[in-house]
Amino acid sequence: MRRRPGIGGLQNAAAARDQYRLLGENVAKLRTDLMKEQLATFRSQLEDFARKHKNDIRKNPAFRSQFHEMCAKVGVDPLASNKGFWAELLGIGDFYYELGVQIVDICLATRPHNGGLISLEELCKLLGKRRKGTREAISQDDCLRAISKLKVLGNGFEVISLAKKKLVRSVPTELNKDHNEILELAQGQGFVTVDEVQRRLSWSSGRATDALETLLEEGLAMIDNGHKDGRSRYWFPCVSSVSSYSASDDI
């Protein structure tokens with residue numbers, strides 16, 4: 001028969017468990033302290049790098065994007081505030097806040113033409129025109145970072161990814177899966193018909209009509225009824241290849 005351990009044996013086992021637990025906690029603390037030390041070193045090196053290359057960060061969009069990736073890897077957000085070290089060294093916070101204001105202005109100015117849905121590519125072109133007199137060039141990455149800061153304004157600004165492009169939504173209209181599928185379908189020629197949506201997405205006539213009419217009511221689509229075949233064309237300026245707005249010169 002197996003003998004049960006006595007009180008002394010149980011105490012020894014408990015003491016051993018406590019020692020292992022303390023050892024594990026000490027190892028975890030050492031690893032945490034080491035990681036904190038390494039991160040502090042990385043951040044210090046990042047600050048030195050920023051001082052050395054601040055002109056490139058300000059003026060070169062590709063270099064600026066790579067700099068943001070470096071910052072993200074060590075948990076630094078230069079855009080977290082427009083005050084402090086990064087703002088004083090690079091002015092990078094003010095750059096994106098100014099860009100955000102300009103994005104809002106352009107989205108409002110083009111809303112009568114696109115219903116509050118503009119392609120990221122078109123938005124960047126219009127921003128480039130507006131900022132022609134400034135020193136800093138901008139990229140799509142800059143626009144996306146500035147838009148991410150506009151979320152404080154509520155649910156009015158969002159980036160929607162379609163198969164071939166990104167769209168910037170500046171109205172609180174919520175687009176569902178059906179709406180997104182129609183926008184993807186319209187990318188080829190800039191418009192769709194009810195019959196085309198039914199055929200290519202295998203939808204019922206009611207489902208296709210309901211989704212298209214909702215997009216029309218929200219101002220995201222325009223309808224063209226002037227065709228001999230009698231089929232209405234639902235045009236989407238935000239995905240049309242002919243998307244240069246007549247008002248763009250005034251933006």
Step-by-step side chain to side chain contact (heavy atoms under 4.5 Å, CB included) determination, Asp178 to Asp210: CA-CA 10 Å; Asp178 283 2; Asp210 181 66; over 6 Å; no
Verdict with supporting geometry, Cys238 and Leu183, side chain to side chain contact (heavy atoms under 4.5 Å, CB included): CA-CA 9 Å; Cys238 58; Leu183 288 171; 4.1 Å; yes
Leu126-Leu144 co-clustered via ILVMFWY side chain contacts under 4.5 Å: yes
Where Arg111 and Ser170 come nearest, the two heavy atoms and their spacing: NH2-O, 2.7 Å
Any side-chain heavy-atom pair of Cys143 and Leu120 under 4.5 Å: yes
The single option from Leu117, Ile106, Leu123 passing side-chain contact (heavy atoms from CB on, under 4.5 Å) against Val168: Leu123
Salt bridge (charged side-chain N to carboxylate O under 4.0 Å, His left out) contacts touching residues 179-206 (sequence neighbours left out): Lys177-Glu181, Asp195-Arg231, Glu196-Arg200
Glu213 atom CD: more than 12 heavy-atom contacts under 6.0 Å: yes
Candidate pair Gln187 and Leu162, rule side chain to side chain contact (heavy atoms under 4.5 Å, CB included), full reasoning: CA-CA 9 Å; Gln187 286 188 83; Leu162 298 183; 3.7 Å; yes
Gap between atom CD of Gln140 and atom OG of Ser119 - 0.5 Å precision: 8.5 Å
CA sep, side-chain torsions, deciding dist, call: Glu98, Val101, side chain to side chain contact (heavy atoms under 4.5 Å, CB included): CA-CA 5 Å; Glu98 178 188 352; Val101 171; 5.8 Å; no
Approximate separation, where rounding is to 0.5 Å, of Leu212 CG and His179 NE2: 8.5 Å
Atom pair CD1 (Ile103) and CZ (Phe157), whose distance is rounded to the nearest 0.5 Å: 8.0 Å
Same apolar cluster (I L V M F W Y, side chains within < 4.5 Å links), Leu175/Met222: no
Side chain proximity check, Arg233 to Ile223, heavy atoms < 4.5 angstrom: no
Nearest non-hydrogen partners of Gly100 and Leu150, listed with the distance: O-CD2, 3.9 Å
Leu127 side chain near Asp142 side chain, heavy-atom distance below 4.5 Å: no
Distance (rounded to the nearest 0.5 Å) between Ser148 OG and Arg145 CZ: 7.5 Å
4.5 Å side-chain heavy-atom contact, Tyr234 and Ile182: no
Whether Ser204 side chain and Arg207 backbone form a donor-acceptor pair below 3.5 Å: yes
Path from Leu220 to Leu216 over hydrophobic side-chain contacts below 4.5 Å: yes
Closest heavy-atom pair and its distance - Ile138, Cys124: CD1-O, 4.2 Å
ring-ring contact (aromatic ring centres under 6.0 Å, His included) partners of residues 180-205, not counting sequence neighbours, each pair once: Phe191-Trp235
